Q: 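First the structure, then my questions, so here it is.
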Amino acid sequence: MHKQRGLLIVLSGPSGVGKGTVRKELFQQPDTNYEYSISMTTRSPRTGEQDGIDYFFKSRQEFEKLIEEGKLLEYAEYVGNYYGTPLDYVNQTLDAGRDVFLEIEVVGAAQVREKVPDGLFIFLAPPSLSELQTRLVGRGTEEADVIADRVLKAREELEMMNLYDYVVENDEVSKACDRINAIVTAEHCRRERVEKRYLLMLEGE
Ligand SMILES: Nc1ncnc2c1ncn2[C@@H]1O[C@H](COP(=O)(O)OP(=O)(O)OP(=O)(O)O)[C@@H](O)[C@H]1O
Ligand SMILES: Nc1nc2c(ncn2[C@@H]2O[C@H](COP(=O)(O)O)[C@@H](O)[C@H]2O)c(=O)[nH]1
């Protein structure tokens, strides 16, 4: 019996919009059926972050070797550090028929769009730029100059919103999660209908 490949779900959006918060909430829900792809980064761990759980923390040299060896589905340099998605993990998980969830910034998401056009691309948007800044300041993990860089970058990132399949506003975390779950469910139904139609057409030949 033919097994359908899993769905690649890409959640992107500006720094501080709440991607990590929403992703963690989604993964705490008992009926969540996505596999989270842990990214590689050259950024130093924040207090409480663990290697292999939050990120795979790499040196610049190690990361550049991964790039050279073609081991990343996508990567980007974001405010002075590299971030990237491990290719083998994503392919193996999708091939096993399981959905993979990426939480990445917009440059990397554009690369994934090129390579996996049938992925599901969701842009998480803040209620406003001032709320975005308030969230970054409130998180308290970056110095003021880094926050300023991230807010500046957010203006460019928001311009890429129209390249996504869906825009979800993160006004409240639980509402954003509900919207994402509804989008993924609808996408699965759509894919099933297409698959059924395709099989029916083959049978008729
Ligand atoms: N809906 C929301 N309402 C209010 N605050 C929120 C909401 N979602 C997230 N936050 C807060 O905003 C801050 C930034 O959230 P988070 O770290 O999840 O953002 P992010 O998009 O993953 O950022 P980065 O891209 O830098 O990793 C956190 O302090 C988080 O608690
Ligand atoms: N292109 C990629 N971007 C990634 C990846 N993993 C995380 N990110 C994004 O980077 C920024 C900064 O993250 P932070 O943890 O330092 O706040 C944020 O937008 C993340 O979503 C990745 O594999 N590829």
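Numbering of residues begins at 1 and proceeds along the displayed sequence. All of these numbers come straight from a predicted model, not from anything done at the bench.
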Q: Parallel, tilted or perpendicular, judged at 30° and 60°: which one describes the rings of F63 and Y75?
A: perpendicular
Q: Identify which one of L120, D118, N33 satisfies the side-chain contact (heavy atoms from CB on, under 4.5 Å) criterion when paired with L7.
A: L120
Q: Do you see a donor-acceptor pair shorter than 3.5 Å between the side chains of Y82 and E64?
A: yes
Q: Do side-chain atoms of S12 reach the backbone of I104 as a donor and acceptor pair under 3.5 angstrom?
A: yes
Q: Can you find a heavy atom in the side chain of R150 that is under 4.5 Å from one in the side chain of Y78?
A: yes
Q: Quick check on Q111: does its CD atom have over 12 non-hydrogen neighbours (other residues, nucleotides or ligands) under 6.0 Å away?
A: yes
Q: Under a 3.5 Å cutoff, is there a donor and acceptor pairing between the side chains of S39 and T41?
A: no
Q: Flag the pair K58 and D51 as a salt bridge only when some basic side-chain nitrogen lies within less than 4.0 angstrom of an acidic carboxylate oxygen.
A: no
Q: Verify, without hydrogens or angle tests, whether E105 (side chain) and V107 (backbone) share a donor-acceptor contact under 3.5 angstrom.
A: yes
Q: Would you indicate whether the side-chain heavy atoms of P127 and E172 approach each other to under 4.5 Å?
A: no
Q: Indicate yes or no: at least one non-hydrogen side-chain atom of L200 is less than 4.5 angstrom from one of E203.
A: yes
Q: Below 4.5 Å, heavy atoms only, C-beta onward: do R135 and N170 meet side chain to side chain?
A: yes
Q: Taking only Lys NZ, Arg NE, NH1 and NH2, and the carboxylate oxygens of Asp or Glu, determine whether E49 and R43 approach each other closer than 4.0 Å.
A: yes
Q: Would you find a donor on one side and an acceptor on the other, under 3.5 Å apart, between the side chain of R179 and the backbone of E169?
A: yes
Q: Shortest non-hydrogen contact from R139 to S15?
A: NH2-OG, 4.1 Å
Q: Compare all side-chain heavy atoms of F123 with those of D165 and state whether any distance is below 4.5 angstrom.
A: no
Q: Under the 6.0 Å and 45° cation-pi test, does R113 pair with F121?
A: yes
Q: If you measure from the Lys or Arg side-chain nitrogens to the Asp or Glu carboxylate oxygens, is any gap between K19 and E103 under 4.0 Å?
A: no
Q: With the side chain counted from C-beta on, respond yes when L73 and N91 share a heavy-atom pair under 4.5 Å apart, and no when they do not.
A: no
Q: Please tell me if the side chains of H188 and V184 come closer than 4.5 Å, counting only heavy atoms from C-beta onward.
A: yes
Q: Quick check: closest heavy atoms across R60 and G80, and the distance to 0.1 Å?
A: NH1-O, 3.6 Å
Q: So that I can tick it off, tell me whether E195 and R5 are bridged by a salt bridge, with the cut-off set at under 4.0 angstrom between side-chain N and carboxylate O.
A: no
Q: State which residues pass side-chain contact (heavy atoms from CB on, under 4.5 Å) with E69; sequence neighbours excluded, sorted by chain then number.
A: K65, K71
Q: Is any NZ, NE, NH1 or NH2 atom of the basic residue among E159 and R155 found under 4.0 Å from an Asp or Glu carboxylate oxygen of the other?
A: no
Q: If we count only N and O atoms by modelled type, under 3.5 Å, do the side chains of E74 and T85 hold a donor and an acceptor together?
A: yes
Q: A side-chain contact here means heavy atoms from C-beta on lying under 4.5 Å apart; do P126 and L158 qualify?
A: yes
